[in-house]
Amino acid sequence: MRTFVICACLCMACWASAQTVNTDGARSYYVKGKESAGQVHEVIPKAKRGYYVKDGRLVDGVFIEDANRLDRMTRAIIPKQQGHEATVLYPRDIDEYGFPGEERYVSCTILRDSAFHKVFLEEFVHINDSTSLLYYREESNEEFYLQTGEDIRLLTEDNFRMLWEDMLAHNEGCLSDELRQELSARIDYHNIRKFILAYQHCNENLIQRVRYGVTTSVGGGSPVSNTRAVPPTHYSGIGLSWTAGAFVQVPLDRYFNFRPEVQFAYLNHDHSTQPASKYTRYSLQVPLLFRYNVNQVRGRFVPYVEAGPLLDFRLGGMLETHVSTNSGVSVEAYDNTFFQAGLAAGAGVEYKLSRKYSLYAGLRYHFLRGENMQRDREAETINHLLFTLGWGF
């Protein structure tokens with residue numbers, strides 16, 4: 001019993017020592033290694049932890065309202081929270097504010113409409129310890145500024161081009177002059193971010209662009225009939241298959257692309273053994289592919305994998321069955337299925353001739369299935385294995 005009482009007293013003493021009472025009566029909890037312990041458990045809706053610097057003094061771990069970009073360039077709203085009163089900070093009030101590992105906003109004076117204005121500029125690219133690119137937007141107007149040490153100047157076409165050339169001169173030859181010409185054509189927010197991304201990773205393959213091109217393929221196809229009709233149709237072996245068409249490739253991020261294609265397809269399967277059969281199909285195929293480029297790889301050869309739904313619309317063709325009878329040869333002829341749907345999947349490699357032109361080579365598998373209304377809704381399936389070639393620009 002005495003042991004139990006002593007343990008209970010020790011536990012109560014530890015619990016009491018782990019708590020403090022503020023002057024306003026609010027209770028905060030001590031957490032090892034945290035100076036502002038009460039803030040560790042506090043959550044404020046539509047706000048996230050950040051910091052601000054005022055008169056050279058850092059105020060860290062404070063909740064700042066998570067406003068949109070335009071509002072962030074005019075003010076920082078701090079809601080009421082433990083250890084800080086509600087307030088609104090303007091560019092004239094603080095040196096900078098931001099969110100660790102995310103956006104940073106620097107208080108600067110800029111010239112607009114023949115007058116000086118105090119605003120927050122967003123640091124959207126940190127090049128190195130002494131150089132940053134800053135961004136300002138007001139309604140539909142946007143401007144870019146180059147910060148070098150304490151000097152901040154408006155980014156013009158001249159110093160924009162000089163900045164790119166200086167960076168390319170120190171990039172160990174992993175970025176091409178073509179890239180500079182492509183991205184320095186205009187001062188654009190997304191162009192700058194793309195260039196910095198490629199510069200920091202020393203890999204211009206990370207900058208994807210919309211591509212157009214032509215494609216062709218040749219290989220083998222095998223039709224299969226799961227027939228309910230009489231006489232049944234049987235196929236064996238591989239028939240000649242080829243396609244020709246065009247594509248557009250739209251980047252979705254650094255690696256993924258959406259690649260729809262439109263192509264003319266032809267399959268000819270002629271089986272001469274008894275019962276003899278012949279299958280020909282002319283169609284318009286629409287592969288809707290999602291392609292993953294392995295852009296982590298540097299250099300001109302970029303592997304890829306792709307997959308997506310495949311649609312096929314009949315333009316012409318017949319399926320024929322020749323059956324020998326006592327009176328001769330009976331021929332049964334029907335149109336192919338009008339519509340087939342299935343899957344396309346493949347892999348290959350892109351060879352970049354330049355920033356603008358590429359060659360593609362790979363293997364692709366097509367699976368298609370449809371119902372033949374003339375053959376009592378007979379299921380008709382086709383399997384293709386194709387070697388593909390393409391040219392993009």
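All values below come from the heavy atoms of this structure, side chains included, with hydrogens, waters and symmetry mates left out. Position 1 is the first residue of the sequence; numbering continues from there. Only a predicted model underlies this, so the values are computations on that prediction, with no experimental measurement involved.
Minimum interatomic distance between Pro303 and Val297 (heavy atoms only, all atoms of both residues): CD-CG2, 4.4 Å. Contact record, Ser241 with Gly221: CB-N, 3.9 Å, taken as the closest heavy-atom pair.
In the hydrophobic clustering, Phe387 connects to Leu363, Leu389, either directly or through intervening members, whenever side-chain heavy atoms lie under 4.5 Å apart. Under the 4.5 angstrom side-chain criterion for Ile, Leu, Val, Met, Phe, Trp and Tyr, the cluster partners of Val53 are Tyr51, Leu58.
A salt bridge links Glu85 with Lys80; the closest basic N to acidic carboxylate O contact falls under 4.0 Å. Between Arg153 and Asp151, at least one side-chain nitrogen of the basic residue sits less than 4.0 Å from a carboxylate oxygen of the acidic one, meeting the salt-bridge criterion. Electrostatic pairing of Glu122 and Arg69 counts as a salt bridge here, judged by a charged N lying under 4.0 Å from a carboxylate O. Between Arg104 and Glu123 a salt bridge is recorded (basic side-chain N to carboxylate O distance below 4.0 Å). Using a 4.0 Å cut-off between charged side-chain N and carboxylate O, Glu138 and Arg112 make a salt bridge. Between Lys48 and Glu102, at least one side-chain N (NZ, or NE/NH1/NH2) sits under 4.0 Å from a carboxylate O, which counts as a salt bridge.
Within a 6.0 Å radius of CG in Asp253, other residues, nucleotides and ligands contribute more than 12 heavy atoms. Heavy-atom neighbours of Met318 CE from other residues, nucleotides or ligands within 6.0 Å: above the threshold of 12. Enclosure of atom NZ in Lys54 is not indicated, since only 12 or fewer non-hydrogen atoms of other residues, nucleotides or ligands lie within 6.0 angstrom.
Cluster annotation: Leu206 is not connected to Leu175 through the hydrophobic network of ILVMFWY side chains, with a link wherever side-chain heavy atoms come within less than 4.5 Å. Connection of Phe144 to Met162 is not established within any shared hydrophobic cluster, with ILVMFWY side chains joined at heavy-atom distances below 4.5 Å, either directly or through further cluster members.
For the 3.5 Å distance criterion, the side chains of Ser176 and Glu204 qualify, holding a donor opposite an acceptor. Asn293 and Gln208 form a side-chain donor-acceptor contact under 3.5 Å, judged by distance and modelled atom types alone. A donor-acceptor pair shorter than 3.5 Å can be found between the side chains of Lys352 and Asn205. Remark: the Ser107 side chain and the Glu96 side chain contain no N/O donor-acceptor pair separated by less than 3.5 Å. Thr131 and Thr148 share no donor-acceptor pair across their side chains, judged by distance under 3.5 Å alone. Side-chain contact check for Tyr365 and Asn383: at least one donor-acceptor pair (N or O, by modelled atom type) lies under 3.5 Å. A donor-acceptor pair shorter than 3.5 Å cannot be found between the side chains of Gln147 and Tyr145. If you check the side chains of Tyr292 and Glu306, you find no donor sitting under 3.5 Å from an acceptor. At a cut-off of 3.5 Å, with distance as the only test, a side-chain donor of Ser283 or Asp312 sits close to an acceptor on the other residue.
In terms of the salt bridge (Lys or Arg N to Asp or Glu O under 4.0 Å) criterion, residue partners of Asp66 (sequence neighbours excluded) are, by chain and number, Arg72. Partners of Thr337 by side-chain contact (heavy atoms from CB on, under 4.5 Å), not counting sequence neighbours, listed by chain and number: Arg281, Gln340, Asn372, Glu380. Applying the side-chain contact (heavy atoms from CB on, under 4.5 Å) test to Tyr357 and every residue at least two apart in sequence or in another chain returns Leu353, Ser354, Trp391, Phe393. Among residues two or more places apart in sequence or in another chain, the side-chain contact (heavy atoms from CB on, under 4.5 Å) test is passed with Leu111 by Phe116.
Between Phe258 and Phe290, the ring centre distance stays below 6.0 Å. Taking the six-membered ring for Trp and the full ring otherwise, the centers of Phe120 and Tyr97 sit less than 6.0 Å from each other.
Residues Leu284 and Arg314 fail the side-chain proximity criterion, which asks for heavy atoms closer than 4.5 Å. By the 4.5 Å heavy-atom criterion applied to side chains, Tyr279 and Asn336 are counted as neighbours.
A donor-acceptor pair under 3.5 Å is formed between the side chain of Asn295 and the backbone N or O of Arg254.
With Glu261 as reference, Leu289 is the one residue of Leu289, Val214, Leu310, Val286 to meet the side-chain contact (heavy atoms from CB on, under 4.5 Å) rule.
Between Tyr360 and Tyr304, the angle of the ring planes goes over 60°, which puts this pair in the perpendicular group of the 30/60° scheme.
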Practice problem: Test Tyr212 against Phe247 for ring pair (Phe, Tyr, Trp, His ring centres under 6.0 Å), laying out the working first. | Solution: CA-CA 6 Å; Tyr212 306 89; Phe247 71 86; 8.4 Å; no
